[in-house]
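To keep things clear, I will list the structure first and then write my remarks on it.
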Amino acid sequence: MPFDAPLQHGVLLRRYKRFFADVQLDDGRELTLHCPNTGSMLGCAEPGSQVWVSVQPRPGRKLPGTWELVECAEGGWACIHSARANRVVEQALQAGLIEPLAGFSGIRREVRLEDSDSRFDFLLDGADGECVVEVKSVTLALSAGVGGFPDTVSLRGQKHLRELMRQRSLGRRACLLFCVMRSGISEVRPAEGLDPHYARLLRESDKTGVELLALALNPEPDGLRLAGLLPVIA
């Protein structure tokens, strides 16, 4: 998945109020850009970090651009634009590139089921029934090669796990798909030290038949490339 326009390099001055980032571009301009990430961005928002941003001023747009990538301390990049995870997953599902979820004839986005209080990222349907899929963007590195989720206490994430277990109890396939948006990650684990309740729910989900998958991406300044499936260690 290429970016919509070539990215520009800069230095992060600060991230604040969740959705704002002050960045100094290589040409000396200091801009306030949109930060498209609701998490804590632990390890990805240190002042002085090398960043890549999309600058596309448009009439009616409050901010002139969007922060996309940050260079990781150990090398490589992380894509902090969390909404891109769903777009990549959708393309991969359509192309049949996620083998455990291949073979479905229908793919619907943002679906609210009659028997659920939550809206699921995807509903897959086929001859063998339906599968609900919830996608989570992973940018946190717990240690070398180990990605973690969440990067702070996530009540929303906890709710999604409970809903996935409920759908499984009703006879549907249910899948939690971690989209790993950071290079150098070889496995995904729950960030138990940051959200122990989420970690307990993840283990419970695994035991009740919720499928835990992780799809790795290699973010680079020219786009996001699929790198295959990774193990999830609940």
Side-chain angles (χ1 to χ4, degrees), residues 38-39 82-94 96-140 142 146-182 185-217 226-234:
T38 61
S82 56
R84 292 197 179 276
N86 284 44
R87 298 175 196 170
V88 170
V89 168
E90 183 177 22
Q91 290 186 10
L93 288 170
Q94 291 171 342
L97 298 178
I98 306 176
E99 193 277 332
L101 299 177
F104 288 94
S105 57
I107 302 173
R108 295 164 56 196
R109 293 186 57 185
E110 299 293 328
V111 175
R112 185 183 299 276
L113 301 174
E114 292 182 359
D115 51 17
S116 173
D117 292 331
S118 291
R119 189 186 303 273
F120 294 99
D121 288 324
F122 296 98
L123 176 66
L124 313 180
D125 62 78
D128 296 329
E130 296 177 328
C131 179
V132 292
V133 180
E134 187 64 29
V135 178
K136 297 299 180 187
S137 171
V138 176
T139 58
L140 173 66
L142 295 173
V146 180
F149 186 89
D151 62 5
T152 188
V153 173
S154 177
L155 299 179
R156 186 167 181 266
Q158 295 170 18
K159 178 184 177 183
H160 286 153
L161 285 176
R162 288 191 289 267
E163 285 291 332
L164 289 171
M165 285 189 281
R166 183 170 182 274
Q167 292 303 312
R168 188 73 191 97
S169 72
L170 294 174
R172 287 189 179 94
R173 282 182 66 183
C175 175
L176 178 64
L177 178 56
F178 293 109
C179 187
V180 181
M181 309 248 281
R182 181 174 180 141
I185 298 299
S186 56
E187 65 179 47
V188 175
R189 295 176 179 264
E192 188 150 13
L194 298 172
D195 192 342
H197 187 52
Y198 184 91
R200 288 193 295 271
L201 285 172
L202 188 70
R203 287 190 286 271
E204 183 181 348
S205 300
D206 187 34
K207 291 177 182 178
T208 56
V210 174
E211 299 169 52
L212 307 180
L213 302 176
L215 181 68
L217 305 182
L226 289 180
L229 293 174
L230 302 177
V232 179
I233 313 299

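If you read the sequence from its start, that first residue is 1, and numbering goes on from there.
Separation of atoms CD (Glu204) and CG (Leu164) is listed at 12.0 Å; rounding is to 0.5 Å. Separating the OG1 atom in Thr139 from the CD1 atom in Ile185 is a distance of 9.5 Å, to the nearest 0.5 Å. Taken to the nearest 0.5 Å, the CG atom of Asp128 stands 7.5 Å off from the CZ atom of Phe104. In this structure, CD in Glu134 is found 10.0 Å from SG in Cys175, a value given to the nearest 0.5 Å. Atom CG of Leu202 is separated from atom CZ of Arg200 by 12.0 Å, given to the nearest 0.5 angstrom.
Here the closest non-hydrogen pair linking Met181 and Ser137 is CG-OG, 3.6 Å. Minimum interatomic distance between Leu217 and Cys179 (heavy atoms only, all atoms of both residues): CD1-SG, 3.7 Å. Between Pro100 and Leu229, the shortest heavy-atom distance links the atoms CD-CD1, 3.7 Å. The two residues Ala214 and Val188 have their closest heavy-atom pair at CB-CG2, 3.8 Å. Here the closest heavy-atom approach between residue Leu226 and residue Ala92 is recorded as CD1-CB, 4.1 Å.
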Check step by step if side chain to side chain contact (heavy atoms under 4.5 Å, CB included) holds for Arg109 and Asp121. CA-CA 6 Å; Arg109 293 186 57 185; Asp121 288 324; over 6 Å; no

Can you list the steps and then say if Asp195 with Thr152 is a side chain to side chain contact (heavy atoms under 4.5 Å, CB included)? CA-CA 6 Å; Asp195 192 342; Thr152 188; over 6 Å; no

Kindly indicate, with the supporting measurements, whether the criterion side chain to side chain contact (heavy atoms under 4.5 Å, CB included) is fulfilled by Met165 and His160. CA-CA 9 Å; Met165 285 189 281; His160 286 153; over 6 Å; no

Does the pair Leu230 and Glu187 meet the rule for a side chain to side chain contact (heavy atoms under 4.5 Å, CB included), with working shown? CA-CA 5 Å; Leu230 302 177; Glu187 65 179 47; 5.6 Å; no

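With hydrogens and angles ignored, the 3.5 Å screen pairs no side-chain donor or acceptor of Asp151 with any backbone N or O of Leu140. The backbone N or O of Asp125 sits less than 3.5 Å from a side-chain atom of Ser105, completing a donor-acceptor pair. Although no hydrogens or angles enter the test, the distance criterion places no donor-acceptor pair under 3.5 Å between the side chain of Asp206 and the main chain of Ala234. Ser205 contributes a side-chain N or O that, together with a main-chain N or O of Leu201, makes up a donor-acceptor pair within less than 3.5 Å.
A heavy-atom distance below 4.5 Å is found between the side chains of Gln167 and Phe120. Under the 4.5 Å side-chain criterion, counting only non-hydrogen atoms from C-beta, Phe122 is not in contact with Val111. A heavy-atom distance below 4.5 Å is found between the side chains of Gln94 and Glu90. The side-chain heavy atoms of Ile98 and Leu177, taken from C-beta on, include a pair separated by under 4.5 Å. Put simply, the side chain of Phe149 does not reach to within 4.5 Å of the side chain of Pro190, judged on heavy atoms. Between Leu176 and Leu161, some side-chain heavy-atom pair lies under the 4.5 Å cut-off. At least one side-chain heavy atom of Val135 sits under 4.5 Å from a side-chain heavy atom of Asn86. No side-chain heavy atom of Val153 sits under 4.5 Å from any side-chain heavy atom of Leu194.
With respect to Leu101, the side chain to side chain contact (heavy atoms under 4.5 Å, CB included) criterion is satisfied by exactly one of Ile107, Leu215, Leu213, Val89: Leu213.
The pair Glu130-Arg173 does not count as a salt bridge, with every side-chain nitrogen at least 4.0 angstrom from each carboxylate oxygen.
Dense packing is recorded around CZ of Arg162, with more than 12 heavy atoms of other residues, nucleotides or ligands lying under 6.0 Å away. The number of heavy-atom neighbours closer than 6.0 Å to CZ of Arg119, taken from other residues, nucleotides and ligands shown, is above 12.
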